[in-house]
Amino acid sequence: MEGPGVYLIKEKLSFLKGKIPLAVSGNTKENKEIIVGKKLLDVKSFGKNLIFEFDSFYLLIHFLMYGSFRINEKRKDKDERLSIKFKDTVINFYNTSVKIIDKKDFVYDTTIDVMSKNFDKIKAKKKIKNSNRLICDILLDQNIFAGVGNIIKNEALFRAGIHPLSIGKNIEEKFINKLIDNVLFFSRVFYILRKRKKTLKNKLLIYGRKFCKICNKKVKVKYTGEYERKTYYCENCQKIF
């Protein structure tokens with residue numbers, strides 16, 4: 001799940017703020033019982049993490065590839081990774097990673113979160129300009145672009161006209177600026193469509209397509225970079241640096 005999806009979940013669960021967990025269960029090995037009886041101070045999102053804030057620690061829920069949640073409902077085909085019971089609400093999480101982290105050990109840096117109004121374009125640009133890594137890897141680095149997943153990566157690169165196998169420091173500044181703008185733009189499009197319960201497919205220009213929307217040539221599909229994620233690109237319309 002990418003950042004926009006987690007941001008939407010944060011909004012859906014914001015009504016829990018101020019409530020107190022009465023019981024917990026689930027197959028997570030984390031010390032989940034620590035949250036019982038503690039007031040939930042806030043519900044936040046950071047990149048791909050949903051954050052439940054308590055007095056001295058955070059409960060982090062990462063939805064991985066296929067994570068999900070239910071409100072006052074159970075899935076018949078899955079055991080809960082974590083279930084939290086409040087006075088009038090039960091939240092069940094499935095196929096997720098669960099971590100409990102002391103606040104002093106977690107850096108909540110909104111300047112790298114693509115869904116945050118505090119995202120720092122200048123800092124992101126410096127990271128790209130000083131990197132010997134492939135741009136397809138830089139975009140998926142959660143310490144630079146928290147919340148960017150494979151769909152946003154592919155779409156932003158295509159819209160910016162940058163080949164995914166370009167080296168960060170070799171990319172011209174005007175292309176970097178266009179790339180960052182498109183990361184933020186498409187993240188917002190992603191969020192709005194999910195919020196309105198509309199399909200993302202009609203807005204995808206390259207991801208999952210067989211032919212380029214611009215030149216109509218066949219789209220290349222390869223598993224690229226350190227993360228070996230599926231990458232769609234047009235060799236004709238995306239410049240390699």
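Values below: all heavy atoms of this structure, side chains included; hydrogens, waters and symmetry mates excluded.
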* Asked: Stepwise, does the side-chain contact (heavy atoms from CB on, under 4.5 Å) test hold for Phe15 with Thr89?
  -> CA-CA 10 Å; Phe15 72 94; Thr89 308; 3.8 Å; yes
* Can you find a pair of side-chain heavy atoms, one from Gln238 and one from Leu157, that are under 4.5 Å apart? -> yes
* To do: Could you check if a side-chain atom of Lys153 sits within less than 4.5 angstrom of a side-chain atom of Tyr207, using non-hydrogen atoms only?
  => no
* Asked: Quick check: are there more than 12 heavy atoms from other residues, nucleotides or ligands sitting under 6.0 Å from NZ of Lys10?
  -> yes
* **Least distance between heavy atoms, Val183 atom then Ala156 atom** => CG2-CB, 3.6 Å
* **Hphob cluster co-occupancy, Leu200 + Ile9, side-chain heavy atoms under 4.5 angstrom** => no
* Asked: With a 4.5 Å heavy-atom cut-off, do Pro4 and Arg194 have their side chains touching?
  -> no
* Asked: Between Asp181 and Arg159, does a salt bridge (Lys or Arg N to Asp or Glu O under 4.0 Å) hold up when you go through it step by step?
  -> CA-CA 10 Å; Asp181 285 343; Arg159 291 159 189 260; over 6 Å; no
* Grab the two heavy atoms, one from Glu2 and one from Ile151, that are nearest each other, plus how far apart they are. => OE2-N, 2.8 Å
* Please indicate whether Lys123 has more than 12 foreign heavy atoms, meaning atoms of other residues, nucleotides or ligands, lying under 6.0 Å from its NZ. => yes
* Each residue besides Ile20 in its hydrophobic cluster should be listed here, by chain and number; the cluster joins Ile, Leu, Val, Met, Phe, Trp and Tyr at side-chain heavy-atom distances under 4.5 Å. => none
* Asked: Same cluster for Val98 and Ile51 if Ile/Leu/Val/Met/Phe/Trp/Tyr side chains link at under 4.5 Å?
  -> no
* Side-chain ion pair, Glu226 and Arg133, N-O less than 4.0 Å -> yes
* Are Val43 and Phe52 side-chain neighbours, meaning at least one heavy-atom pair lies under 4.5 Å? -> yes
* Asked: Would Lys195 and Glu11 satisfy salt bridge (Lys or Arg N to Asp or Glu O under 4.0 Å), going step by step from the backbone distance to the final call?
  -> CA-CA 10 Å; Lys195 188 176 180 68; Glu11 290 187 334; 3.2 Å; yes
* Structure fact -> Joining Ile, Leu, Val, Met, Phe, Trp and Tyr whenever any side-chain heavy atoms lie under 4.5 Å apart, the cluster holding Ile167 also takes in Leu134, Leu165, Ile240
* Asked: Could you give the distance from NZ (Lys218) to NZ (Lys220), rounded to the nearest 0.5 Å?
  -> 8.0 Å
* Asked: Is there a donor-acceptor pair closer than 3.5 Å between any side-chain N or O of Arg209 and the backbone N or O of Leu204?
  -> yes
* Step-by-step side-chain contact (heavy atoms from CB on, under 4.5 Å) determination, Ile135 to Leu179 -> CA-CA 10 Å; Ile135 191 61; Leu179 175 63; 3.7 Å; yes
* Backbone of Ile162 reached by a side-chain donor or acceptor of Ser166 within 3.5 Å -> no
* **Between CG on residue Leu8 and OG on residue Ser45, distance to nearest 0.5 Å** => 10.0 Å
* side-chain contact (heavy atoms from CB on, under 4.5 Å) evaluation trace for Tyr233 with His163 -> CA-CA 7 Å; Tyr233 59 96; His163 194 290; 3.3 Å; yes
* Asked: Given the rule in the side-chain contact (heavy atoms from CB on, under 4.5 Å) test, do Leu184 and Phe119 qualify, once you have shown the distances and angles that lead to the verdict?
  -> CA-CA 9 Å; Leu184 301 180; Phe119 185 86; 3.8 Å; yes
* Provide the full list of salt bridge (charged side-chain N to carboxylate O under 4.0 Å, His left out) pairs with a residue in residues 82-107, sequence neighbours left out, each pair given once. => Lys19-Asp88, Glu53-Lys103, Asp102-Lys104
* Structure fact -> Heavy-atom closest pair (Cys215 atom, Cys237 atom, distance to 0.1 Å) is SG-SG, 3.7 Å
* Any side-chain heavy atom of Ile34 within less than 4.5 Å of one from Phe54? -> no
* **Residue pair Asp137 / Asp141, side-chain heavy-atom distance below 4.5 Å** => no
* Consider only side-chain heavy atoms of I, L, V, M, F, W and Y, link residues closer than 4.5 Å, and tell whether Leu82 and Leu60 are in one cluster. => no
* Asked: How about Thr111 and Asn118: does a side-chain donor come under 3.5 Å of a side-chain acceptor?
  -> no
* Inter-residue atom distance Lys203.NZ - Ile192.CD1, 0.5 Å rounding -> 9.5 Å
* Verify same cluster id: Ile112, Tyr191 (apolar side-chain graph, 4.5 Å) -> no
* Partner of Ser83 by side chain to side chain donor-acceptor pair (under 3.5 Å), out of Asn27, Asn92, Thr28 -> Asn92
* Spatial distance of atom OG (Ser97) from atom CG (Leu64) [nearest 0.5 Å] -> 5.5 Å
* To do: Identify the heavy atoms of Leu50 and Val6 that sit nearest to each other, and give their distance.
  => N-CG1, 3.7 Å
* Please confirm whether the backbone N or O of Leu205 pairs with a side-chain atom of Glu155, one donor and one acceptor, at under 3.5 Å? => yes
* Heavy-atom pair of closest approach, residues Pro21 and Ile84 -> CB-CG2, 3.8 Å
* Spacing of CG belonging to Asn170 relative to CD1 belonging to Ile128, to within rounding of 0.5 Å -> 12.5 Å
* Counting distance only, does the side-chain N/O of Asn154 pair as donor-acceptor with the main-chain N or O of Tyr232 below 3.5 Å? -> yes
* CZ on Phe46 to OG on Ser116, rounded to 0.5 Å -> 9.5 Å
* Heavy-atom side-chain contact between Phe186 and Phe190 under 4.5 Å -> yes
* Determine, stepwise, if the pair Lys169 / Asn132 fulfils side-chain hydrogen bond (donor to acceptor under 3.5 Å, both in side chains). => CA-CA 6 Å; Lys169 68 177 184 179; Asn132 289 312; 2.9 Å; yes
* **Nearest heavy atoms of Ile122 and Asp120, plus distance in Å** => N-OD1, 3.0 Å
* Lys230-Asn150 side chain donor-acceptor pair, cut-off 3.5 Å -> no
* **Criterion salt bridge (Lys or Arg N to Asp or Glu O under 4.0 Å) on Lys125 and Glu173, from CA distance to verdict** => CA-CA 8 Å; Lys125 182 162 67 173; Glu173 185 167 351; 2.9 Å; yes
* Quick one: are Thr224 and Arg229 in side-chain contact, heavy atoms under 4.5 Å? -> no
* To do: Return yes when atom OH of Tyr108 has more than 12 non-hydrogen atoms of other residues, nucleotides or ligands closer than 6.0 Å, and no otherwise.
  => yes
* Tyr94: which of Lys74, Arg81, Glu80, Arg70 passes side chain to side chain donor-acceptor pair (under 3.5 Å) -> Glu80
* Linking I/L/V/M/F/W/Y whenever their side-chain heavy atoms sit closer than 4.5 Å, directly or via other members, would Val36 and Ile100 fall into one cluster? -> yes
